[in-house]
Amino acid sequence: MKAMILAAGKGERMRPLTLHTPKPLLPVGGMPLIEHHVRALAAAGFTELVINHAWLGQQIEVYLGDGARFGVSIAFSAEGEPLETGGGIHRALPLLGAAPFLLVNGDIWTDYAFADLRRPLAGQAHDGLAHLVLVDNPAHHPEGDFRLQEGRVSARGAQPGLTYSGIAVLDPALFAGCRPGAFKLAPLLLDAMALGQVSGEHFRGRWVDVGTRERLDEVERLLAERP
């Protein structure tokens, strides 16, 4: 199974840190945020990675190179302008192939065991077009995104749900009929949910959406607490 790291965001809420450095290269715990993902994916057995980028993306390519020093092979999907999550994945599909792939947002930090997702969507735990990892709602997102019931994910409805972690397994068939350009991933997921084609799980481990400098500091504290 291949894995894709989303790294095309501008990180505007992290300014001035991101004026000259792309957010995935901001250091935390002694290494760039994206390197934590690359090393974790390599340790979980993923050997072929795809990384998209836009804002200052050449710096990401220069830093990571071909991935050999991490024990992986990295292919880059450069975007002239940000294509949003859906459009960015769609552009990278030729690099990802026809099989389901792991997707990880480049601006999260987690101790989730990526190896748990190295199985096809048609396997015992996954089926349909997508499998989402959901987490408890953080303080900055109290209503959550989706509802999880008996392993199936649906639209949240009136009651608070759970928050999408930025970790998923997607089948390329989810993008059938999509055209090149900028578009969001969420509408595709909601359409698949309406057809009962999205499974999910509730992760209760450590996870941070590193969207602000304060949350970057939170990751530093979590890493410092590690034995």
Side-chain angles (χ1 to χ4, degrees), residues 1-13 18 22-24 34 37 41 46 48-61 64 67 73-108 117 119-123 126-134 141 144-147 152-157 161 163-200 209 211:
M1 180 184 284
K2 295 184 179 182
M4 180 175 183
I5 302 175
L6 296 172
K10 292 190 69 172
E12 293 181 348
R13 290 177 297 171
T18 52
K23 183 163 66 169
I34 197 169
H37 286 323
L41 289 167
F46 292 88
E48 296 181 76
L49 310 185
V50 175
I51 299 173
N52 73 330
H53 64 71
W55 173 249
L56 302 175
Q58 189 62 30
Q59 293 185 32
I60 298 175
E61 292 201 23
L64 294 176
S73 173
I74 298 177
F76 294 97
S77 179
E79 301 173 10
E81 58 184 28
L83 297 174
E84 302 196 61
T85 303
I89 298 170
H90 184 264
R91 182 185 181 94
L93 287 180
L95 299 172
L96 291 164
F101 57 91
L102 173 67
L103 181 72
V104 186
N105 284 5
D107 58 357
I108 64 167
L117 294 177
R119 52 186 184 262
L121 283 165
H126 307 162
D127 58 22
L129 295 173
H131 178 84
L132 308 184
V133 177
L134 306 177
H141 191 56
D145 299 307
F146 305 118
R147 180 185 181 190
R152 312 306 300 183
V153 182
S154 59
R156 177 172 58 81
T163 292
Y164 171 51
S165 69
I167 303 169
V169 175
L170 303 182
D171 190 312
L174 180 68
F175 298 86
C178 293
R179 297 182 177 182
F183 61 89
K184 297 181 182 298
L185 176 62
L188 300 183
L189 291 174
L190 289 169
D191 287 346
M193 289 174 194
L195 298 173
Q197 292 292 302
V198 181
S199 61
D209 172 11

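Predicted model, so just to flag it, every value in this text is computed and none were measured.
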Please round to the nearest 0.5 Å and tell me the distance separating atom CG of Leu95 and atom CD1 of Ile74. 12.5 Å

Can you tell me how far the CZ atom of Arg152 sits from the CZ atom of Arg147, to the nearest 0.5 Å? 13.5 Å

Are Ile167 and Leu117 close enough, and set up right, to give a side chain to side chain contact (heavy atoms under 4.5 Å, CB included), and what steps lead you there? CA-CA 10 Å; Ile167 303 169; Leu117 294 177; 3.7 Å; yes

Exactly one candidate in Val169, Val50, Ile89 meets side chain to side chain contact (heavy atoms under 4.5 Å, CB included) with Phe101; the answer is Ile89

With heavy-atom distances below 4.5 Å as the criterion, would you say the side chains of Phe76 and Ile60 are in contact? yes

Looking only at non-hydrogen atoms, find the nearest pair between Tyr164 and Ala168 and report the distance. OH-CB, 3.5 Å

For the residue pair Phe175 and Leu185, establish whether any side-chain heavy-atom pair is separated by less than 4.5 Å. yes

Less than 4.5 Å apart, any side-chain heavy atom of Asp171 and any of Gln197? no

Residues Leu132 and Met193: closest non-hydrogen pair is CD1-CE, 3.9 Å

How about CZ on Arg156, more than 12 heavy atoms from neighbouring residues, nucleotides or ligands closer than 6.0 Å, or not? yes

Closest contact, heavy atoms only, His53 versus Ala78: CE1-CB, 3.5 Å

Is there a side-chain contact between Leu174 and Leu189 (heavy atoms, below 4.5 Å)? yes

What is the distance from atom NE2 of His131 to atom CG of Leu102, rounded to the nearest 0.5 Å? 10.5 Å

Going by heavy atoms in the side chains, are Pro180 and His90 under 4.5 Å from each other? yes

Looking at every non-hydrogen atom in both residues, tell me the closest pair between Pro172 and Gly97 and how far apart they are. CG-O, 3.5 Å

Would you compute the distance between atom NZ of Lys2 and atom CG of Leu103 and round it to the nearest 0.5 angstrom? 14.5 Å

Hey, what do you get for CG (Leu134) to OG (Ser165), rounding to the nearest 0.5 Å? 7.0 Å

Closest heavy-atom pair and its distance - Met4, Gly88: CE-O, 3.8 Å

Heavy-atom check, side chain of Leu83 versus side chain of Asn52, under 4.5 Å: no

Distance in Å, Ile108 CD1 paired with Ile5 CD1, rounded so as to fall on 0.5 Å steps: 10.0 Å

Least distance between heavy atoms, Thr163 atom then Gly144 atom: OG1-CA, 3.6 Å

